[in-house]
Amino acid sequence: MLNDEQIKRYSRQIIIPEIGGKGQKKLLKAKVLVIGAGGLGSAAIQYLAGAGVGTLGIVDGDKVDISNLHRQPIHVGNLGENKALSAKKFVETLNPDVRVDTYPFNIDPSNIRELIKKYDVVLDCTDNFSSRFLINDACVLERKPLVHAAVLRFEGQIITILPGESACYRCLFRRAPPPGTTPSCREAGIIGMATGILGTLQAMEAIKIILGFKDKLLTNTLLYVDLLTMEFTKMKVKRDENCPICSGKVKEIIPEKYVDRCEL
Amino acid sequence: MKKYQLDLRGEVCPYTFVKTKLKLEEIEENSILEVILDHEPAVKDVPRSVKEEGHEVLGVEKIGENLWKIIIRKKGK
């Protein structure tokens with residue numbers, strides 16, 4: 001049962017026919033893992049918490065730096081603190097209904113499967129290829145719905161992956177580009193709104209997965225966003241039957257594969 | 001057919017509708033819900049919103065000074 005405060009807090013989304021009290025209860029029971037509490041993660045976390053997702057796991061081993069704040073406003077006032085712990089403070093202030101599990105360290109091949117196990121949906125809000133391949137492969141092996149996004153300068157991309165049903169990240173990108181050919185946001189720059197928009201889209205997809213809007217997701221669809229021209233382009237993609245991970249050929253995480261080009 | 005009552009005296013929009021909607025989710029299909037209201041704008045808003053969600057409004061009655069009763073039949077399959 002929703003209490004009186006919850007009825008008021010979530011009233012604007014309970015009113016929506018597709019959500020209602022039933023949907024709100026689903027959200028309160030749901031568990032979402034946000035990997036990376038940077039630009040994408042900050043945006044996703046604030047809306048997931050606001051919507052009343054009952055459990056949020058937040059993974060990040062970095063500390064808040066002043067150069068992060070233009071795109072990571074949830075860390076305001078917490079310079080030097082671990083980002084997962086800083087994000088937890090924000091969530092607790094915003095919405096006491098949300099339980100926050102913090103993981104103040106980075107993902108690696110030895111911890112990823114255990115980390116994602118207890119969650120219903122995983123958001124990849126990381127900023128490097130080895131993490132993206134690692135998260136994708138672990139989510140496919142654990143059959144966890146995953147929403148991937150990545151951003152650079154004014155551009156971003158997002159895709160939702162339902163393991164065993166829709167194309168995975170590795171179906172699209174078999175290996176990482178050669179080291180040095182793709183700039184990181186430290187080198188190339190990034191506009192705060194781009195992470196805000198893409199991270200918010202990730203939270204939107206997560207909620208749709210929880211609410212069961214299965215035919216309305218960005219599955220088998222890569223949405224490419226150019227915020228300089230304001231072009232939003234949907235690209236149809238397909239599952240690759242030769243994809244080493246989602247074809248079932250590779251059955252576990254092989255730690256030494258997640259360096260350089262991350263090829264399986 | 002089961003009949004339920006929801007006393008929303010003291011509630012204002014949009015909570016009059018939100019609470020009506022939550023009650024309608026709880027009760028059996030085709031059962032009757034009587035909602036008591038004392039917030040005048042809700043006398044128009046609640047029936048309209050309830051109809052939009054597919055339920056049937058059987059009547060709106062003024063039952064006292066600043067007091068109304070809205071009778072709703074929950075939609076069935």
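Bear in mind the structure is a predicted one, so any value in this text is a computation, not a measurement. As a basis for the values below, the full set of heavy atoms in this structure was taken, side chains included, without hydrogen atoms, waters or symmetry mates. Proteins get letters first, then strands, A, B, ... in listed order; numbering begins at 1 in each.
Remark: A/N95 engages A/R9, A/Y10, A/D97, A/V98 in a side-chain contact (heavy atoms from CB on, under 4.5 Å) (not counting sequence neighbours).
A/Y47 OH: 12 or fewer foreign heavy atoms inside a 6.0 Å radius. The environment of NZ in A/K214 is sparse: at most 12 heavy-atom neighbours from other residues, nucleotides or ligands sit within 6.0 Å.
Residues of residues 58-65 of chain B placed with any heavy atom under 4.5 Å of a heavy atom in chain A are absent; none qualify. Listed by sequence position, B/K21, B/L22, B/E25, B/E26 are the residues of residues 20-48 of chain B in contact with chain A, using a 4.5 angstrom heavy-atom cutoff. Residues from residues 12-37 of chain A that place a non-hydrogen atom less than 4.5 Å from a non-hydrogen atom of chain B comprise A/R12, A/I14, A/I15, A/I16, A/P17, A/G20, A/G21, A/K22, given in numerical order.
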